[in-house]
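What follows is a short report on a single structure.
Below, each value reflects all heavy atoms present in this structure, side chains not excepted, and no hydrogens, waters or symmetry copies. Order of listing sets the numbers, starting from 1, for every ligand and every atom in it. In this chain, residues are counted from 1 in sequence order.
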Amino acid sequence: MPDPVLDTAPACVALPVPEIPAVMLEHALKHRRSVRAFAAAPLSLDSLSALLWAAFGVNRRDSHGRTAPSAHNWQETDIVAVLPSGAYRYEAQSHRLHLMQAQDLRASTGLQDFVAAAPLNLVYIADFARMHEAKPEEREFLAGADAGFIAQNVYLFCAAAGLATVVRGLVDRRALAAALQLTPTQRITLTQSVGHPLSA
Ligand SMILES: Cc1cc2nc3c(=O)[nH]c(=O)nc-3n(C[C@H](O)[C@H](O)[C@H](O)COP(=O)(O)O)c2cc1C
């Protein structure tokens with residue numbers, strides 16, 4: 001069943017207040033794993049909202065602090081949620097999604113077969129222009145490390161929420177950057193598929 005809100009590819013979506021499952025950290029750590037098969041059911045807007053907040057949302061309003069650390073607090077990573085109806089950039093401060101492309105780009109987010117049908121593919125994009133005073137040889141390493149923290153937040157959220165996920169580096173970055181019409185300073189670090197497990 002298509003999501004009633006996102007199925008229409010709106011230009012901007014105010015996400016619902018994120019509700020994080022009250023699960024022991026021990027449970028989440030014990031259940032964290034990579035899963036590469038997903039049920040066809042879409043994620044609800046509530047799940048998407050909570051997942052994006054857990055991934056890299058604002059957890060300190062006064063300082064604009066985020067749920068994942070970033071080198072120098074550059075906060076250079078943007079998350080793009082690639083859904084059947086389109087690709088949406090997550091704007092953490094307002095907790096909104098902004099439409100980038102109103103077409104199904106899921107197949108472009110990776111080189112493995114399961115990617116095209118995964119209900120949600122996240123794309124982590126570092127904007128090198130935000131990494132002020134970074135040495136050029138450090139940029140990719142630090143951006144990759146920062147994306148790793150976000151990916152682990154998603155893993156732990158999925159373990160707590162009973163969702164399935166796998167982080168992915170196997171992606172044609174040039175082709176995906178072209179499909180998303182990224183600027184020359186934006187670099188795709190990692191991608192991550194999310195869905196309901198087959199057995200649920
Ligand atoms: C940086 C990174 C890139 C990865 N890229 C892929 C990938 O492209 N495709 C894939 O299926 N799994 C990918 N994985 C998942 C690993 O294969 C997986 O974490 C590993 O096999 C251990 O399994 P586990 O996560 O269930 O403990 C990647 C993991 C990391 C950390």
Side-chain angles (χ1 to χ4, degrees), residues 20-21 23-43 47 50-52 54-57 66-72 74-84 87 90 104-128 130-131 134 136-180 182 186-200:
I20 304 300
V23 166
M24 298 288 285
L25 178 61
E26 181 190 17
H27 173 96
L29 288 170
K30 281 184 173 169
H31 287 81
R32 192 223 58 88
R33 68 205 56 205
S34 296
V35 178
R36 298 173 182 82
F38 307 97
L43 295 184
S47 289
L51 182 145
L52 289 169
F56 201 32
R66 312 287 285 270
T67 57
S70 62
H72 295 261
W74 279 317
Q75 302 186 9
E76 78 282 359
T77 301
D78 282 325
I79 302 179
V80 173
V82 179
L83 293 155
Y90 174 55
D104 187 351
L105 295 176
R106 288 178 297 167
S108 304
T109 68
L111 300 175
Q112 292 160 284
D113 286 346
F114 63 83
V115 170
L120 167 68
N121 287 299
L122 300 171
V123 183
Y124 303 134
I125 299 167
D127 190 346
F128 284 2
R130 287 184 220 157
M131 301 176 82
E137 68 271 20
E138 280 182 351
R139 281 191 197 126
E140 283 194 25
F141 173 79
L142 293 175
D146 291 347
F149 287 103
I150 295 171
Q152 178 71 347
N153 279 355
V154 171
Y155 266 111
L156 292 177
F157 174 84
C158 287
L163 295 171
T165 189
V166 61
V167 70
R168 295 183 287 100
L170 202 55
V171 52
D172 183 338
R173 288 177 173 77
R174 193 180 295 257
L176 181 55
L180 291 170
L182 300 186
Q186 290 180 301
R187 293 293 197 306
I188 294 161
T189 48
L190 292 170
T191 58
Q192 189 159 10
S193 299
V194 182
H196 295 280
L198 279 178
S199 53

Indicate, as side chain, backbone, both or neither, the part of Val166 found under 4.0 angstrom from ligand 1 when only non-hydrogen atoms are considered.
side chain

Protein heavy-atom partner closest to atom 3 (C) of ligand 1 - residue, atom, separation in Å:
Gly169 N, 3.7 Å

Are any of the N or O atoms of Phe114 closer than 3.5 Å to those of ligand 1?
no

Heavy-atom distance from atom 6 (C) of ligand 1 to the protein below 4.0 Å?
yes

Contact (N/O only, under 3.5 Å) between Val167 and ligand 1:
yes

Among protein heavy atoms, which sits nearest to atom 27 (O) of ligand 1, and what does the distance come to when rounded to 0.1 Å?
Arg32 NH2, 2.6 Å

Is any heavy atom of the protein nearer than 4.0 Å to atom 15 (C) of ligand 1?
yes

Do Gln112 and ligand 1 have an N or O pair less than 3.5 Å apart?
yes

Is the number of heavy atoms from other residues, nucleotides or ligands within 6.0 Å of CD (Glu26) greater than 12?
no

The option among Ala147, Gly144, Gly148, Ser34 carrying the non-hydrogen atom nearest to atom 26 (O) of ligand 1 is Ser34

How about His196 and Leu43: do any of their side-chain heavy atoms sit closer than 4.5 Å?
yes

Write out the residue and atom name of the closest protein heavy atom to atom 1 (C) of ligand 1, then the distance separating them to 0.1 Å.
Leu190 CD2, 4.0 Å

Looking only at non-hydrogen atoms, the one of Arg33, Gln192, Arg36 nearest atom 21 (O) of ligand 1 is Arg36

Identify all side-chain donor-acceptor contacts of residues 147-154 below 3.5 Å with residues at least two apart in sequence or on another chain.
from	atom 1	to	atom 2	distance (Å)
Asn153	ND2	Ala54	O	3.1
Asn153	ND2	Ala55	O	3.2
Asn153	ND2	Thr67	O	3.1

Pick from Arg106, Gln192, Arg168: which one makes a side chain to side chain donor-acceptor pair (under 3.5 Å) with Asn121?
Arg168

Any chance you could lay out the side-chain contact (heavy atoms from CB on, under 4.5 Å) test for Asp78 and Phe56, step after step, and finish with the verdict?
CA-CA 9 Å; Asp78 282 325; Phe56 201 32; over 6 Å; no

pair Ile125-Ile188: side-chain heavy atoms closer than 4.5 Å:
yes

What I want to know is whether Leu170 and ligand 1 share at least one N or O pair that is separated by under 3.5 angstrom.
yes

Does NZ or CZ of Arg36 come closer than 6.0 Å to the centre of the six-membered ring of Phe114, within 45° of the ring's axis?
no

Non-neighbouring partners of Arg187 that pass side chain to side chain contact (heavy atoms under 4.5 Å, CB included), sequence neighbours left out
Phe128

